[in-house]
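To keep things clear, I will list the structure first and then write my remarks on it.
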Amino acid sequence: MRKLLPLIGTPSGSHPGGRSAMTCRFRCGDACFHEVPNTSSNEYVGDVIAGALSRRSVMRAAAVVTVAAAGAGAVGVAGAPEAQAAPAAQGGPRKPEGARGLRFTPVAPNTADAVTVPEGYRQNVVIRWGEPILRGAPAFDPEKQTAAAQAGQFGYNCDFLALMPLKGERGQQLLVANHEYTDEVLMFRGYDSENPTREQVEIAWAAHGLAVVAVEEDHRSGKLTPVTRHPLNRRLTATSEFRLTGPVAGSDLVKTSADPSGTKVRGTLNNCAGGTTPWGTTLHAEENFNQYFARGSRATDKRYGIGTGTTERKWERFDKRFDLAQEPNEVHRFGYVVELDPYDPDSVPRKRTALGRFKHEAATVRLTHDGRPVVYSGDDERFDYFYKFVGSKRMRPGNSRSAREHNLTLLDEGTLYVAKLTGDSPAIEIDGTGKLPKDGEFDGSGQWIPLATATADGAVSHVEGMTAEEVFVFTRLAGDKVGATKMDRPEDIEPNPVTGKVYVALTNNSNRGVGSNPGADEANPRNANKHGHVLELTERWNRPESTKFAWSLFLVAGDPEDPATYFAGFPKDSVSPISCPDNVAFDAHGNLWISTDGSALGSHDGLFGVATRGSRRGELKQFLTVPRGAETCGPVIQDRRVLVAVQHPGEVDGASVEKPASTWPDGPGRHVRPAVVAVWRADGRDIGV
């Protein structure tokens, strides 16, 4: 087994997982240090105790893969954009074993200030914060930043990524990216957090939002490069025009002095994970929007984690809409899933209110047998819930104008559900220590509880004491009322395109069972859950519109030598250590790829692949690690390429422009810059085969 590394740059135990205080400040407004917003008495889905091996593990002892101690290529600076693989071991290279799609030598846990990839793989930085993508945008100059320049440049802290096809343009694709939040102390020299300037605030507004940029593949090397000034390139920011659609549009709950119609919103904020649709659009989840709004005073504000004082960035000093004492409804216009048509640069993105309002993490889509969309989404908060939306209208195939116009209405009509899970073992057998119940595994059943239904003629609430508009605006409270199951920060949720099973990443919750907080149950029964876990759901009859499902524990993260970890029964001496699963994706073989956020094991965050079926089910292997202070986001897994967003590199306590904690990607003396990285096999063959 690899030895784990001591934590670097973060006092042990001071912040959730391995996060720095800076991350907590700028990404989520210190959410984990505030009172838990959910004070309802609902049952809790605590951490999954994966301690002992399940009885299935004996059947999985067949294939044992040696975990590599090193053997990886790394890139730390722009001067070496394509990493050379490490030399082969003496005696010639050994073909890695593993499930198809995962046949690579695992990267060892490390703290290198670089993107480290397996031997035999290469990489390049596709695009960095500040690179111009629109016509007329200047080259990036960190000492001469302006809001106008940033509005035409790639934004900050890229998260969700999608690569969309460009028909008729050989070798080119559309890269769509979220820009979740800004780290002002790493952006501006001499930044004074108590007295930001208007120019700095307006630059930050422009650095939030979404980006669309064409990228071109070099078939000889495999690397991707941006196509500047492509006609489809686009930036959307915290001040761009967006439209509210669905059951909340026009409601008194979303009307403001600037928008008495309740239908037009300036900007999108804190876009985290997302998804793509079968009809060719992208979905972008507004997550920690609460941190941008000052002086909340209502019970609903508190339930959404909105503070009563000023904010970290002080935006309320420069625009009254961020001051709820002056514009109480402005916050009700954020916390939705945004739908973008990347093929129409003149289109106005839509906030789909029928999918509910909460801290959306992800919005992934599958179709029912008759062509209706089903969207899964998590609410990234301790002790909150996960949801699905089942549309009532069928998708029209094709790319005609009428088909596209029809499909752009699909997410406005349907029913929103929240999940309730029940274990199949006696509660006395779930003690939160990691001890398995007598039946040898953690599993059970669940149901999707309807909250409200939106139609073309109006909306109907299924929650007693709440109107439909209230359900869609205060969705968390609706989940409270119907007794949804409390989870440990449900993040990305994605269905497996091969098997149809649905995987839920639960990042962590060190508050589980602490003080008056809820205790363990069978779905997530590990106390002080700092490493997180992954649940596997099977919809009844494998039909996504079903209102019932079965669930089981798939992966309990942590050091494999810890008895309270579990890897679907695969031998634990043959897997990589993993902590804090966040974003997930699938390859064409049905393998689950997991990116991490805030590893509490002492190594840097990374990207992992794990087999979900066959004799190697549960075999988890680390594919890459990211630089110091960074988080791995937005994985895209293609046949011959893996794409990741390297978010907030250098985000370490005490770091600043003057005292950087990372020199990635451009080397010493240059600003640390979030960026997108592409990885491919040096021999040009498919990933992991």
Side-chain angles (χ1 to χ4, degrees), residues 21-39 180-185 191-205 207-209 237-239 242 244 248 251-260 262 264-272 286-336 351 353 357-360 379-382 384 469-470 472-477 480:
M22 185 186 295
T23 300
C24 293
R25 283 173 58 202
F26 287 102
R27 201 252 297 281
C28 60
D30 276 333
C32 291
F33 292 91
H34 296 162
E35 182 182 344
V36 174
N38 191 351
T39 57
E180 186 177 2
Y181 69 100
T182 47
D183 280 303
E184 282 79 353
V185 295
Y191 180 71
D192 180 354
S193 61
E194 293 301 316
N195 296 288
T197 67
R198 172 171 285 278
E199 183 70 12
Q200 289 169 337
V201 167
E202 291 183 352
I203 292 168
W205 291 344
H208 278 71
T237 74
T239 60
F242 288 75
L244 285 172
V248 174
S251 165
D252 288 342
L253 293 171
V254 294
K255 293 177 180 177
T256 66
S257 61
D259 175 32
K264 298 177 181 179
V265 180
R266 285 177 58 208
T268 185
L269 296 171
N270 213 266
N271 303 91
C272 198
E286 295 183 317
E287 191 189 18
N288 292 301
F289 64 92
N290 57 298
Q291 63 171 301
Y292 302 95
F293 294 92
R295 288 184 267 277
S297 60
R298 299 159 295 190
T300 53
D301 295 336
K302 184 176 182 180
R303 182 64 180 88
Y304 278 81
I306 299 160
T308 58
T310 61
T311 65
E312 170 69 39
R313 295 176 178 81
K314 311 293 190 294
W315 287 4
E316 63 273 17
R317 295 181 184 176
F318 304 96
D319 190 333
K320 70 175 185 177
R321 68 190 178 113
F322 296 108
D323 184 349
L324 299 189
Q326 298 185 68
E327 288 289 354
N329 282 351
E330 183 70 24
V331 71
H332 300 159
R333 296 143 67 84
F334 294 86
Y336 298 104
K351 297 194 178 189
T353 65
R357 174 177 166 266
F358 44 89
K359 287 186 177 182
H360 279 276
D379 185 351
D380 184 9
E381 184 75 73
R382 297 163 297 163
D384 257 296
E469 289 179 2
E470 289 170 339
F472 289 115
V473 174
F474 306 120
T475 310
R476 281 183 169 179
L477 279 74
D480 296 344

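Hydrogens, waters and symmetry mates play no part in the numbers below; they use all other heavy atoms, side chains included. Here the structure is a predicted model, which means the values were calculated and not measured.
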task: Mind checking salt bridge (charged side-chain N to carboxylate O under 4.0 Å, His left out) for R266 and listing every partner two or more places apart, or none if nothing turns up?
output: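 Applying salt bridge (charged side-chain N to carboxylate O under 4.0 Å, His left out) to R266 gives D319.
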Does [X] come within less than 4.0 Å of [Y], counting only side-chain N to carboxylate O?
| X | Y | result |
| --- | --- | --- |
| E286 | K351 | yes |
| E202 | R198 | yes |
| R321 | E327 | no |

field: Pair D379-R357, salt bridge (Lys or Arg N to Asp or Glu O under 4.0 Å): steps then yes or no
entry: CA-CA 9 Å; D379 185 351; R357 174 177 166 266; over 6 Å; no
T268 and N271 side chains, donor-acceptor separation under 3.5 Å: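 Short answer, yes.
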message: Checking E312 against S193: is there a side-chain donor and acceptor pair closer than 3.5 Å?
response: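 Not at all, the side chains of S193 and E312 share no donor-acceptor pair under 3.5 Å.
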Ignoring hydrogens and angles, tell me if any N or O in the side chain of [X] forms a donor-acceptor pair with the backbone of [Y] under 3.5 Å.
| X | Y | value |
| --- | --- | --- |
| H208 | L269 | no |
| N270 | N288 | yes |
| N329 | H332 | no |
| R333 | K255 | no |

Ignoring hydrogens, what is the shortest heavy-atom contact between [X] and [Y]? Give both atom names and the distance.
| X | Y | value |
| --- | --- | --- |
| A204 | E184 | CB-OE2, 3.4 Å |
| R303 | R476 | O-NH1, 2.8 Å |
| T237 | W205 | CB-O, 3.5 Å |
| W315 | T311 | N-OG1, 3.8 Å |
| V201 | P196 | CG2-CB, 4.2 Å |
| I306 | V331 | CD1-CG2, 3.5 Å |

Roughly how far, to the nearest 0.5 Å, is the [atom2] atom of [Y] from the [atom1] atom of [X]?
| X | Y | atom1 | atom2 | result |
| --- | --- | --- | --- | --- |
| F358 | F289 | CZ | CZ | 10.0 Å |
| K314 | Y292 | NZ | OH | 14.0 Å |
| L324 | F322 | CG | CZ | 10.5 Å |
| K302 | S297 | NZ | OG | 12.5 Å |

- request: Go through the steps to decide whether K359 and E381 satisfy the test salt bridge (Lys or Arg N to Asp or Glu O under 4.0 Å), and finish with yes or no.
  value: CA-CA 7 Å; K359 287 186 177 182; E381 184 75 73; 2.9 Å; yes
- request: In sequence, state the C-alpha distance, the side-chain angles, and the governing distance for F472 and L253, and then conclude on side-chain contact (heavy atoms from CB on, under 4.5 Å).
  value: CA-CA 10 Å; F472 289 115; L253 293 171; over 6 Å; no
- prompt: Partners of A325 by side-chain contact (heavy atoms from CB on, under 4.5 Å), sequence neighbours excluded?
  reply: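 Residues passing side-chain contact (heavy atoms from CB on, under 4.5 Å) with A325: R295, D323.
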field: Test log, rule side-chain contact (heavy atoms from CB on, under 4.5 Å), inputs F242 and L244
entry: CA-CA 7 Å; F242 288 75; L244 285 172; over 6 Å; no
query: Are side-chain heavy atoms of N195 and R317 found at a separation under 4.5 Å?
result: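 When only atoms from C-beta onward are counted, R317 and N195 do touch, with a gap below 4.5 Å.
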message: Tell me every residue that passes ring-ring contact (aromatic ring centres under 6.0 Å, His included) with Y336, counting only those two or more places apart in sequence or in another chain.
response: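 For Y336, no residue satisfies ring-ring contact (aromatic ring centres under 6.0 Å, His included) once neighbours in sequence are set aside.
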- prompt: Under 30°, 30 to 60°, or over 60°: which ring-plane class applies to F334 and F293, parallel, tilted or perpendicular?
  reply: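 The rings of F334 and F293 sit tilted, inter-plane angle from 30° to 60°.
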